[in-house]
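Since this is a predicted model, take the numbers as computed values, not measurements. Keep in mind that the numbers below use all heavy atoms, side chains included, and drop hydrogens, waters and symmetry copies. Heads up: numbering here begins at 1 and tracks the sequence.
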Amino acid sequence: MASERIQLVIDTCLLAGRIMIESGSEMYRVEDTITRIAHNAGVENSVIYTTPTGLFFSVKGSAVSELRQINSRTINLEKVQRVNTLSRKFAEKQISLRELHDALEDVDQNTPLFPLWLQFLASVVVSSTMMILFSGVYDWNDLIISGVIGGLGFLANYYINIWTRVKFLSELVAAFLVGFIAYLAVQLHLGQNINNVLIGAIMPLVPGVPLTNALRDMFAGHLMTGTLRALEAGMTACAIGAGIGLAFRIFF
C-alpha cells in the first residue's frame with residue numbers, strides 16, 4: 001500500500017510539473033509547486049530536477065524514480081493558475097491526493113482556450129497600442145493598418161504552427177508576411193510610415209513572456225534553464241528579424 005501511495009505521489013507531481021512547464025511557467029515555480037505537493041502528501045525527502053525538455057522526480061530511500069519528457073512548450077497561464085489553485089486546495093486538505101491527480105488530468109485535457117477570434121482581436125489591439133507606445137506617433141492611418149497587419153501575422157503564425165512542427169519556421173514566415181503586407185499597405189497609401197507600421201505589427205510575435213521567464217529563472221539560480229530559455233527566445237527573435245530582413249531584401 002505504501003508503494004502504491006508513493007507511485008501516486010510521483011505521478012501527481014510529474015503531471016503537475018509537466019503541465020506547468022508545457023504552459024510556460026518559470027522553473028522555480030514548477031519546483032516549488034512539486035515540492036509542496038510532495039510535502040503535503042507526506043513525502044519529505046523528494047528529489048526534483050527540471051529542464052525545459054525533461055522533468056525528473058524521485059524519493060530518497062525509494063527504488064522508484066521517473067522521468068517525464070517535455071515535447072511541446074507554449075504560453076497558457078490559465079493552466080499554470082489552475083495547477084497552483086489545485087495545489088493550494090490540496091495543502092488546505094480540501095481535496096485528497098487522488099482527487100488532485102484526477103483534477104490535474106482534467107486541467108491537462110480540458111482547459112479551454114480563448115476562441116481564435118478573440119486572440120486575433122487581442123493581437124490587433126496589442127499591435128495598435130504598441131505602435132503608439134514605441135513610435136510616439138498618434139497617426140490613425142498607421143494605427144489601424146498596424147493593428148490589421150499584426151492580426152494577420154498572428155493568424156499566420158498560429159496556422160503554420162498547426163501545419164508544421166519545424167521550430168522557428170512559423171515566426172520566420174509570419175514575420176516575412178508582416179513585412180510584405182506592410183510594404184504593400186504603404187505602397188497603396190493605406191499607411192504612411194512603414195517603420196511605425198512594422199514596429200506595431202511585429203509585437204504579437206515577439207517572445208516577451210519566454211524572455212521574462214528566462215531572466216526570472218536566472219535570478220532564482222536556475223542558470224542552465226534560464227540560459228536555454230534565453231537562447232530559445234533569442235533564436236525566435238532572430239527568426240523574426242530574418243523574416244523582416246528577407247522581405248526588405250526582396251521589396252526594397
Side-chain angles (χ1 to χ4, degrees), residues 19-30 50-53 70 72-81 83-84 111 113-116 118-137 142-143 146-162 166-179 181-182 195-220 222-245 247:
I19 293 172
M20 295 183 73
I21 295 175
E22 289 181 349
S23 302
S25 176
E26 310 94 319
M27 287 301 173
Y28 74 86
R29 187 187 300 274
V30 174
T50 57
T51 71
T53 56
I70 308 300
S72 63
R73 293 181 301 278
T74 184
I75 302 299
N76 191 334
L77 300 183
E78 176 72 15
K79 284 189 175 182
V80 176
Q81 183 271 332
V83 172
N84 285 333
T111 299
L113 294 173
F114 289 107
L116 184 58
L118 186 57
Q119 296 181 53
F120 171 79
L121 181 61
S123 65
V124 171
V125 173
V126 167
S127 298
S128 301
T129 53
M130 289 297 102
M131 189 277 292
I132 295 175
L133 179 64
F134 286 109
S135 67
V137 177
D142 286 348
L143 182 145
S146 178
V148 172
I149 295 174
L152 294 176
F154 165 79
L155 289 179
N157 182 55
Y158 177 86
Y159 283 112
I160 293 171
N161 269 325
I162 295 177
V166 180
K167 192 67 175 173
F168 310 117
L169 178 63
S170 60
E171 289 85 357
L172 189 149
V173 175
F176 174 80
L177 291 176
V178 166
I181 299 173
N195 293 323
N196 293 342
V197 173
L198 285 175
I199 286 174
I202 210 67
M203 282 298 115
L205 304 178
V206 174
V209 174
L211 184 58
T212 302
N213 286 348
L215 294 175
R216 295 184 68 178
D217 280 332
M218 288 183 183
F219 294 153
H222 294 266
L223 299 181
M224 186 183 74
T225 297
T227 301
L228 290 175
R229 282 187 161 179
L231 178 61
E232 184 178 15
M235 292 181 68
T236 301
C238 288
I240 295 172
I244 294 294

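- Here the side chains of N157 and E171 are in contact, with some heavy-atom distance below 4.5 Å.
- Shown here for V124 and G151, the closest heavy-atom pair between the two residues is CG2-CA, 4.0 Å.
- Every residue meeting the side-chain hydrogen bond (donor to acceptor under 3.5 Å, both in side chains) condition with Q81, not counting sequence neighbours, appears here in chain and number order: T85.
- Closest heavy-atom contact between G179 and I244: N-CD1, 3.9 Å.
- The side chain to side chain contact (heavy atoms under 4.5 Å, CB included) test with D142 singles out one residue from N196, I199, I132, and that residue is N196.
- Taking each heavy atom of V126 and T129 in turn, the nearest pair found is O-OG1, 3.2 Å.
- Contacts of N161 classified as side-chain hydrogen bond (donor to acceptor under 3.5 Å, both in side chains), with partners at least two apart in sequence or in another chain: S170.
- Residues satisfying the side-chain contact (heavy atoms from CB on, under 4.5 Å) test with A122, not counting sequence neighbours, are none.
- Residues passing the side-chain hydrogen bond (donor to acceptor under 3.5 Å, both in side chains) test with T50 are E31, sequence neighbours excluded.
- For the atom pair L155 CG and I160 CD1, the distance stands at 10.5 Å (nearest 0.5 Å).
- To the nearest 0.5 Å, atoms CG (L113) and OG1 (T74) are separated by 8.5 Å.
- Counting only residues at least two apart or in different chains, salt bridge (Lys or Arg N to Asp or Glu O under 4.0 Å) contacts with residues 196-213 are absent.
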Quick one: side chains of residues 200-210, donor-acceptor pairs under 3.5 Å with protein atoms, not counting sequence neighbours, listed by atom name and distance.
none

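- Sorted by first then second residue, the side-chain hydrogen bond (donor to acceptor under 3.5 Å, both in side chains) pairs that include residues 225-244, not counting sequence neighbours, are R73-E232, K167-E232, D217-R229.
- Taken to the nearest 0.5 Å, the CD1 atom of I70 stands 5.0 Å off from the CD atom of E22.
- When every heavy atom of L228 is checked against every heavy atom of P52, the shortest pair comes out as CD1-CD, 4.0 Å.
- Residues that satisfy the side-chain hydrogen bond (donor to acceptor under 3.5 Å, both in side chains) test with E26, not counting sequence neighbours, are R29, R216.
- Between A230 and A214, the shortest heavy-atom contact is N-CB, 3.5 Å.
- Listed by chain and residue number, Y49, T53, M224 satisfy the side-chain contact (heavy atoms from CB on, under 4.5 Å) test with T51 (two or more places apart in sequence, or in another chain).
- Closest approach of N213 and G24 over heavy atoms only: ND2-O, 2.6 Å.
- Here the CD1 atom belonging to I181 is positioned 10.0 Å from the CZ atom belonging to F176, to the nearest 0.5 angstrom.
- Judged purely by atom type and a 3.5 angstrom limit, Q119 uses its side chain to pair as donor or acceptor with the backbone of F114.
- L152 is not listed as a side-chain neighbour of L177, based on a closest heavy-atom distance of 4.5 Å or more.
- Rounding to the nearest 0.5 angstrom, the gap separating the CZ atom in F154 from the CG atom in L116 is 6.0 Å.
- If you take CD1 on I75 and OG on S25, they are separated by 9.5 Å, rounding to the nearest 0.5 Å.
- For the pair S123 (side chain) and F120 (backbone), a donor-acceptor distance under 3.5 Å is present.
- Between N195 and F134, the closest side-chain pair of non-hydrogen atoms is not below 4.5 Å.
- For Y159, the ring pair (Phe, Tyr, Trp, His ring centres under 6.0 Å) partners two or more places apart in sequence, or in a different chain, are W163.
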